[in-house]
There are 2 protein chains.
Amino acid sequence: MASIKDVAQKAGVGVGTVSRVINGSGYVAADTRKKIEQAISDLEYTPNELARNLFRNRTGIIGVLIPDLDHPFFSAFTRETEVALYKRGYKAMICNTVGSSNRERDYLNMLDRNMVDGIITGAHTLHWKEYVNRKRTIVALDQDFGPEIPMVGSDHAYGGKLAAEIMLKNNCKRVVHITGIAPNVAANDRHIIFEETLKKHGVEVLDLTMEWNLFDHQSYWDAAAEALEKYPDADGIFAADQPALCYMHLALKAGKRVPEDLKVITYDGMDVSRICYPEVTAICQNVKFLAETCAKSVINLIEDKEPVPHRQILSVELRQGQSTYPVEINDEL
Amino acid sequence: MASIKDVAQKAGVGVGTVSRVINGSGYVAADTRKKIEQAISDLEYTPNELARNLFRNRTGIIGVLIPDLDHPFFSAFTRETEVALYKRGYKAMICNTVGSSNRERDYLNMLDRNMVDGIITGAHTLHWKEYVNRKRTIVALDQDFGPEIPMVGSDHAYGGKLAAEIMLKNNCKRVVHITGIAPNVAANDRHIIFEETLKKHGVEVLDLTMEWNLFDHQSYWDAAAEALEKYPDADGIFAADQPALCYMHLALKAGKRVPEDLKVITYDGMDVSRICYPEVTAICQNVKFLAETCAKSVINLIEDKEPVPHRQILSVELRQGQSTYPVEINDEL
DNA sequence: CTGTTAGCGCGTTCAG
DNA sequence: CTGAACGCGCTAACAG
């Protein structure tokens with residue numbers, strides 16, 4: 001491991017001068033530069049980032065905290081986040097909290113230990129208070145951690161309303177609704193509006209709450225099976241991609257026809273919701289835009305360039321598939 | 001940001017002593033310790049990891065390079081890798097190479113710049129030669145980069161044989177086979193054996209090669225549509241989860257029945273292959289074991305504890321679904 | 001048992 | 001235009 005000192009020695013100059021050519025800072029005579037560049041390539045010198053980090057007190061790493069990478073929404077989000085960060089010269093360190101508050105806290109602590117310059121968090125096992133009282137370089141996905149911490153999220157309220165409108169126009173009368181997100185998460189808005197709108201129009205909503213923080217596949221199957229057994233005569237289902245698709249799978253297996261006997265609307269609209277047959281109607285979050293907004297925001301916080309709004313809410317989009325009959329949306333409800 | 005010096009000053013001792021209590025190294029009198037601990041908590045002191053990193057010349061970070069996080073196999077792999085690394089005190093920095101050799105090279109360079117202590121790579125845009133001539137702290141997933149770099153992979157040859165055996169016992173005569181992995185990847189073994197075995201028994205194999213490095217969803221649909229159009233009378237399909245499921249989707253849409261008219265076997269066997277209806281028969285890789293093996297190996301390389309085998313090949317497992325008729329496997333082909 | 005000191009490798013003054 | 005010297009925060013060796 002050649003160091004800057006070796007380069008200086010080999011080129012017969014001082015370390016300061018070498019530093020200057022590496023960073024392109026300050027003036028340096030053309031032939032001195034030549035000599036140094038030669039020495040650098042001879043020694044295959046690469047600057048030690050660790051020393052730079054110490055000096056600058058920054059690492060260029062952003063921690064990305066999510067409940068579980070093996071979940072289509074979060075893996076897509078993480079992917080897009082990494083791309084967005086990379087474009088701006090940052091790298092992503094990831095943490096699956098997998099429901100463990102210790103892991104979440106552990107990664108959060110890296111902020112204080114200067115291991116990461118900032119954090120984007122979509123995890124929610126910790127109480128929000130643990131997030132405040134820190135350097136303010138945290139951006140929350142879909143969660144309100146109070147006025148200190150900017151949040152980025154989707155317009156879930158509108159998403160819930162859209163889903164309700166389609167159920168209504170498809171003449172559903174008894175609709176299963178699987179919920180199961182952490183208590184203080186913005187995504188809950190969709191549940192509230194969805195139920196409210198349907199009930200207002202005399203539609204029965206059959207609720208099933210999944211334990212939150214369960215992101216493993218089996219729990220989706222369990223929830224779906226329970227719902228199917230509990231409400232065998234339901235004519236509609238609204239849930240996140242995975243529980244909804246599990247439900248559809250079991251319903252098809254039980255001989256129900258989609259959309260004739262059962263209307264299915266899923267939330268998130270990831271790839272998995274297109275690949276199943278029939279393709280389902282979905283309320284889609286704009287994952288890429290969410291990720292870019294998070295990345296941009298946390299970097300603005302770090303570099304203190306542009307101010308970051310406290311709430312940034314992005315639109316959701318309806319994708320009509322074959323699991324409901326096509327309807328015209330006019331937002332008149 | 002309080003530093004160790006502040007703590008020493010506040011406690012009225014030298015920095016060395018503070019360092020000793022923080023690291024639990026060497027002797028320190030009980031009451032001196034008390035004073036120091038008090039000062040630490042008063043100042044809310046946390047050691048600056050950057051300085052430690054510089055001293056130790058290590059970061060505790062492992063780079064995880066994969067083609068695309070938004071792919072069920074790789075997101076599951078990355079998830080398990082992060083968990084396995086964390087358990088051993090390491091953190092994961094991720095890189096989607098998204099088919100760009102520049103990005104791959106960029107992250108690879110972090111090894112030289114000491115930003116990461118080691119690398120696990122499942123990416124394959126770079127020529128293998130770029131991987132050699134480096135510190136030997138690289139582990140390759142499913143790729144042979146020569147004798148210098150240990151590899152971890154699945155027994156794809158057996159996987160291909162299993163798939164062929166099922167096709168044969170299901171009396172298939174014309175089987176579509178979608179391939180499309182990078183040239184030097186071990187996963188290709190399955191393709192070779194699959195075709196070989198079928199042809200030996202007089203079954204026609206209808207090949208379709210996808211451009212490798214395409215991990216976006218659309219390319220799966222395109223490949224599936226092309227195959228369906230080109231070989232409308234095929235009675236079997238073998239491909240990775242996603243292209244196979246796209247194919248099944250389109251076939252169902254076109255009125256084919258599964259498994260009556262079409263047998264489907266997918267490779268990888270991720271969650272997505274269970275959620276579609278009917279559940280498909282799949283050759284499953286043991287993602288968790290793969291990840292743990294990679295994590296353990298790269299750490300052994302770094303810490304130079306146990307020797308790391310050059311090739312570690314893990315078993316694949318058959319999961320029979322409803323997309324083929326159940327068969328008894330006896331490995332007699 | 002404890003304080004002092006010399007690096008770790010680099011970037012930046014600040015005189016020359 | 002350039003070299004020497006200092007400091008980033010911490011650890012380990014070494015006297016006391």
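Every chain is numbered from 1 and lettered A, B, ... according to where its sequence line falls, protein lines coming before strand lines.
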salt_bridge(A:Arg103, B:Glu82) N-O dist < 4.0 Å: yes
Are A:Lys296 and A:Glu306 ion-paired here, with the side-chain N under 4.0 Å from a carboxylate O? no
Does B:Lys5 NZ have over 12 foreign heavy atoms under 6.0 Å away? no
Could you tell me how far apart [X] ([atom1]) and [N] ([atom2]) are, to the nearest whole angstrom?
X	N	atom1	atom2	answer
B:Arg113	C:dG9	CZ	C1'	14 Å
B:Leu54	C:dG11	CG	C1'	13 Å
A:Arg58	C:dC10	CZ	C1'	16 Å
A:Arg56	C:dT12	CZ	C1'	12 Å
A:Ile4	C:dC8	CD1	P	14 Å
A:Ile22	C:dC10	CD1	P	7 Å
B:Asn57	C:dG9	CG	C1'	9 Å
A:Asp6	C:dC8	CG	P	10 Å

Are the side chain of A:Asp68 and the backbone of A:His71 linked by a donor-acceptor contact shorter than 3.5 Å? no
Classify B:Ser3 by what it touches in the nucleic acid, base, sugar-phosphate, or nothing, heavy-atom distance under 4.0 Å. sugar-phosphate
Is B:Asn23 touching bases, backbone alone, or none of the nucleic acid, heavy atoms closer than 4.0 Å? sugar-phosphate
For the residue pair [Y] / [X], report whether a side-chain donor-acceptor contact shorter than 3.5 Å exists.
X	Y	answer
B:Asn114	A:Glu49	no
B:Gln312	B:Thr293	no
B:Tyr86	A:Asn96	no

Working for side-chain contact (heavy atoms from CB on, under 4.5 Å), residues B:Ile94 and A:Thr78: CA-CA 9 Å; B:Ile94 56 148; A:Thr78 307; 3.9 Å; yes
A:Leu111 side, atom CG; A:Arg113 side, atom CZ - distance, nearest 0.5 Å: 12.0 Å
Mind checking which nucleotides bracket the chain A contacts on DNA chain D, 5' to 3', with an atom under 4.0 Å from a heavy atom? D:dC1 to D:dG9
Just report the end-to-end axis angle for the helix from C:dC1-D:dG16 to C:dG16-D:dC1, five pairs per end, to 10 degrees. 50°
Do any N or O atoms of the protein come closer than 3.5 Å to N or O atoms of nucleotides 3-7 of chain C, and which pairs are they?
residue: C:dG3; atom: OP2; partner: B:Gly14; partner atom: N; Å: 3.0
residue: C:dG3; atom: OP2; partner: B:Thr17; partner atom: OG1; Å: 2.6
residue: C:dG3; atom: N7; partner: B:Arg20; partner atom: NH2; Å: 3.3
residue: C:dG3; atom: O6; partner: B:Arg20; partner atom: NH2; Å: 2.8

So A:Val21 and A:Thr32, do their side chains get closer than 4.5 Å, heavy atoms only? no
B:Thr137 side chain reached by B:Ile62 side chain, heavy atoms, under 4.5 Å: no
